Peer 1: 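Starting off with a structure, shown below.
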Amino acid sequence: MPTAETYTNPVLNADWSDPDVVRAGDDFYLTASSFGRAPGLPLLHSRDLVNWTLVGHALERLEPASEFKAPRHDCGVWAPSLRHHDDRFWIFWGDPDQGIFQINAPEIRGPWTRPHLLKEGKGLIDACPLWDDETGEAYLIHAWAKSRSGIKNRLTGHRMHPDGTSLLDEGKVIVDGDRIPGWFTLEGPKLYKHDGWFWIFAPAGSVETGWQGAFRSRGFFGPYEEKIVLEQKDTDVNGPHQGGWVRTPSGEDWFLHFQQRGAYGRVVHLQPMRWGADGWPVLGDDGAPVAVYKKPDLPPQQAAAPATDDDFPGGRFGRQWQWTANWDPHDGWATQHSEDGLRLACVRSADAHDLRKLPNVLTQRLPGIPSAVEVELTLHGEETGARAGLAVLGDAFSWIGLQRGADGTVHLVHRFAEAVAEKERDADHPRLAPEGRARLRIEIGAGARCRFFYDVGDGLRPSGQVFAATPWRWVGALLGLFALAPVGPGHAGAASFTQFRINPL
């Protein structure tokens, strides 16, 4: 059992996919994949590697902006690397359709530079830089996405200009997974220099069943020897891999990585790390992931986690929220005002029947433990068909909310769509909501099985059948708030959301 001196994995129990970590002084920072959501590149902070808070995002919107006007959950920001060099923070990532980008900032909260395209091309992913303090040289490594390039299972290395703006050669394959018996889907490399060796920490074997590898060479371009340093063994942590190594001020070594958990996405584990007598890293409990372990030798911190609840003061939403595609404050999706509560415009769309196609859904991550999600909703839109609600979004989706009927009345509606369905249909019979408001509740149980409830003034009542949340491509299921209306002229009104809460069950 955990105690005040121990921690329990996962330390981030939600979809913080493909984490990378860096230390600057006494502070630790983490970023993760954000794919096609905006803002992107989340920035988390910790003082003890166990308790993390979300302090911002490094990428306001994806570029080119025209490419991300609609949801693209298998595109955008893949597996970023976070580094601190020359008194600046740096993030490198691969966009599988465009190439390798780089941004940097003097402080973690910015201001961050505009994305700079360092290497153009299809299928370039999982980029990581290294500045060699001994020689002054800089390097870049990246993996390949077969879906775009026809290439996979290999890592390519470049010399890089120390200012991070250009590459100095054509690149060379420095690790070819096809030449290593039993290895496949080699990707996600992180590059380090330690004890006179170049080190590549890289996962292989696929996200659900894979392992963490380490590679070392005396020269950056190889040859490299390899070793598996973390795998499932007899634990219940499937596919433990892909993350970053960090050293504390006292010299302890730790490794943060993900575990794929279906609809919950990729949750983050913290593993102890040491260097064995043979010079290779030893992760976890002799190469197996730990469930409970002694906390890092760092000053004690209060329990903390990324925010979930929101009262939306002044109509503003907290850092935990992301749109499902690019957004612009001038779009008018969310309106600031003098009171608490989120005011979303009922955006007109020909795709109102399918939440998966809409950019104006405000989302946050599905909690990784059984939880109850609640929000108060008032529908102001007078337009026939205007609607708003609380959703669980993935390849399949389900939502509960309010809709304006042709006779002007407001109904409580509950709808869903299977992964193969092109539009939603009723999950339960509509019911009158005479005051035009409702309290909405989703109880998320084991296996991300969701039960829906509502209160339109006569007490909390269940609605419909159990809905099993599903992930999107590369993305765990999301909770979403939205307001919509059918295509037509003029403004379609708005909806207000108040007191958004997530509480453990």
Side-chain angles (χ1 to χ4, degrees), residues 14-18 33-37 68-78 96-97 145-148 185 206-209 238-239 258-267 322-325 349-368 370-371 373 387-401 403 413-430 440 442-453 462-482 484:
D15 186 29
W16 302 96
S17 178
D18 313 318
S33 296
S34 51
F35 300 100
R37 285 171 288 168
F68 294 93
K69 289 183 176 180
R72 301 180 68 197
H73 304 293
D74 59 347
C75 304
V77 177
W78 284 25
D97 299 301
K146 187 175 182 179
S147 60
R148 275 47 168 214
T185 317
S206 81
V207 295
E208 294 191 353
T209 60
N238 61 295
F258 78 69
Q259 174 198 9
Q260 173 71 36
R261 290 193 58 220
Y264 299 110
R266 299 173 181 181
V267 303
Q322 295 170 289
W323 300 100
T324 45
S349 174
D351 293 318
H353 58 277
D354 191 343
L355 299 182
R356 295 166 297 198
K357 296 181 178 180
L358 300 170
N360 58 301
V361 182
L362 195 60
T363 67
Q364 64 168 280
R365 293 160 178 82
L366 197 74
S371 301
V373 183
R387 69 200 70 169
L390 169 65
V392 177
L393 281 165
D395 282 335
F397 69 87
S398 186
W399 67 274
I400 192 165
Q403 180 167 319
V413 296
H414 180 190
R415 305 226 171 93
F416 80 103
E418 302 159 275
V420 296
E422 295 183 358
K423 62 180 180 180
E424 65 191 23
R425 57 193 179 99
D426 285 330
D428 205 345
H429 298 289
L440 309 174
I442 303 175
E443 293 185 356
I444 308 166
R449 292 169 61 82
C450 302
R451 296 181 181 273
F452 290 72
F453 300 83
S463 179
Q465 305 300 313
V466 172
F467 172 77
T470 63
W472 267 335
R473 185 171 176 81
W474 310 133
V475 178
L478 298 168
L479 298 169
L481 304 176
F482 67 91
L484 300 168

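The structure presented is a predicted model; accordingly, all values stated were derived computationally and were not measured. Values below: all heavy atoms of this structure, side chains included; hydrogens, waters and symmetry mates excluded.
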Peer 1: Can you tell if the side chain of Leu440 reaches within under 4.5 Å of the side chain of Phe452, non-hydrogen atoms only?
Peer 2: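 Counting from C-beta outward, Leu440 and Phe452 never come under 4.5 Å.
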
Peer 1: Does the pair Leu478 and Val361 meet the rule for a side-chain contact (heavy atoms from CB on, under 4.5 Å), with working shown?
Peer 2: CA-CA 10 Å; Leu478 298 168; Val361 182; over 6 Å; no

Peer 1: Within a strict 4.5 Å, meaning less than it, do heavy atoms of the Trp16 and Arg365 side chains meet?
Peer 2: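 In contact.
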
Peer 1: So Arg425 and Glu418, do their side chains get closer than 4.5 Å, heavy atoms only?
Peer 2: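 Heavy-atom side-chain distance check passes, below 4.5 Å.
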
Peer 1: So which atom in His353 and which in Glu422 form the shortest heavy-atom distance, rounded to 0.1 Å?
Peer 2: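 Taking His353 first and Glu422 second, the nearest heavy atoms are CD2-O, 3.5 Å.
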
Peer 1: For the atom pair NE2 (His429) and OG (Ser463), what is the distance rounded to the nearest 0.5 Å?
Peer 2: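 Rounded to the nearest 0.5 Å, the NE2-OG separation comes to 10.0 Å.
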
Peer 1: Can you give me the closest heavy-atom contact between Ala263 and Ala469, atom names plus distance?
Peer 2: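 Result for this residue pair: CB-O, 3.4 Å.
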
Peer 1: Between Ser34 and Val77 (side chain of the first, backbone of the second, donor and acceptor by atom type, cut-off under 3.5 Å), is there such a pair?
Peer 2: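 No; judged by distance alone, with no hydrogens or angles, the pair does not exist.
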
Peer 1: Using every non-hydrogen atom in the two residues, find where Pro370 and Ala446 come nearest and quote the distance to one decimal.
Peer 2: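 It is CG-N, 4.4 Å.
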
Peer 1: Using the rule given for side-chain contact (heavy atoms from CB on, under 4.5 Å), can you reason through Ile400 versus Val413, listing the C-alpha separation, both sets of side-chain angles and the distance that settles it, and then say yes or no?
Peer 2: CA-CA 6 Å; Ile400 192 165; Val413 296; over 6 Å; no

Peer 1: Taking the side chain as everything from C-beta on, heavy atoms only, tell me whether Phe416 gets closer than 4.5 Å to Phe397.
Peer 2: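 Of all side-chain heavy-atom pairs linking Phe397 with Phe416, none is under 4.5 Å.
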
Peer 1: Could you walk me through whether Trp474 and Ser33 pass the side-chain contact (heavy atoms from CB on, under 4.5 Å) test, one step at a time?
Peer 2: CA-CA 10 Å; Trp474 310 133; Ser33 296; over 6 Å; no

Peer 1: Would you name the heavy atoms of Leu366 and Ala14 that are closest together and state the gap between them?
Peer 2: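 It is O-CB, 3.8 Å.
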
Peer 1: Under the rule for side-chain hydrogen bond (donor to acceptor under 3.5 Å, both in side chains), what residues qualify as partners of Gln322, not counting sequence neighbours?
Peer 2: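 Residues passing side-chain hydrogen bond (donor to acceptor under 3.5 Å, both in side chains) with Gln322: Arg37.
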
Peer 1: Can you say whether the rings of Trp472 and His73 are parallel (under 30°), tilted (30 to 60°) or perpendicular (over 60°)?
Peer 2: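 Trp472 and His73: parallel rings.
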
Peer 1: Could you walk me through whether Phe482 and Leu362 pass side-chain contact (heavy atoms from CB on, under 4.5 Å), step by step?
Peer 2: CA-CA 6 Å; Phe482 67 91; Leu362 195 60; over 6 Å; no

Peer 1: Please test Asp15 against Arg266 for salt bridge (charged side-chain N to carboxylate O under 4.0 Å, His left out), starting from the C-alpha separation and ending with a verdict.
Peer 2: CA-CA 5 Å; Asp15 186 29; Arg266 299 173 181 181; 5.6 Å; no

Peer 1: Got a sec, which residues hit side-chain hydrogen bond (donor to acceptor under 3.5 Å, both in side chains) with Ser371, two or more places apart in sequence or on another chain?
Peer 2: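 In terms of side-chain hydrogen bond (donor to acceptor under 3.5 Å, both in side chains), with neighbours along the sequence ignored, Ser371 is linked to no residue.
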
Peer 1: Below 4.5 Å, heavy atoms only, C-beta onward: do Leu355 and Leu484 meet side chain to side chain?
Peer 2: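 Yes; the side chains approach each other to less than 4.5 Å.
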
Peer 1: Of Arg356, Lys357, Arg387, which meets salt bridge (Lys or Arg N to Asp or Glu O under 4.0 Å) against Glu424?
Peer 2: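 It is Arg387, the one option of Arg356, Lys357, Arg387 that forms the salt bridge (Lys or Arg N to Asp or Glu O under 4.0 Å) with Glu424.
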
Peer 1: Hey, what do you get for CZ (Arg449) to CD (Gln465), rounding to the nearest 0.5 Å?
Peer 2: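 Rounded to the nearest 0.5 Å, the CZ-CD separation comes out at 10.5 Å.
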
Peer 1: Rounded to the nearest 0.5 Å, what separation is found between the CG atom of Asn360 and the CG atom of Leu481?
Peer 2: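 Spacing of CG (Asn360) from CG (Leu481) equals 11.5 Å.
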
Peer 1: Side chain of Thr324, backbone of Pro359: donor and acceptor closer than 3.5 Å?
Peer 2: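 Such a contact is found between Thr324 side chain and Pro359 backbone.
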
Peer 1: Around atom CZ of Arg451, are there more than 12 heavy atoms of other residues, nucleotides or ligands at under 6.0 Å?
Peer 2: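 Open.
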
Peer 1: Minimum heavy-atom separation for Trp399 and Gly389, please, with both atom names.
Peer 2: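 Closest heavy-atom pair between Trp399 and Gly389: CE3-CA, 4.2 Å.
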
Peer 1: Quick one: does Val373's side chain get under 4.5 Å of Cys450's, heavy atoms only?
Peer 2: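 Heavy-atom side-chain distance check fails, nothing below 4.5 Å.
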
Peer 1: Mark yes or no for whether Asn238, through its side chain, and Glu208, through its backbone, hold a donor-acceptor pair below 3.5 Å.
Peer 2: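 It does hold such a pair.
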
Peer 1: Which pair of non-hydrogen atoms, one from Ala396 and one from Ala419, has the smallest distance, and what is that distance?
Peer 2: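 It is CB-N, 3.7 Å.
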
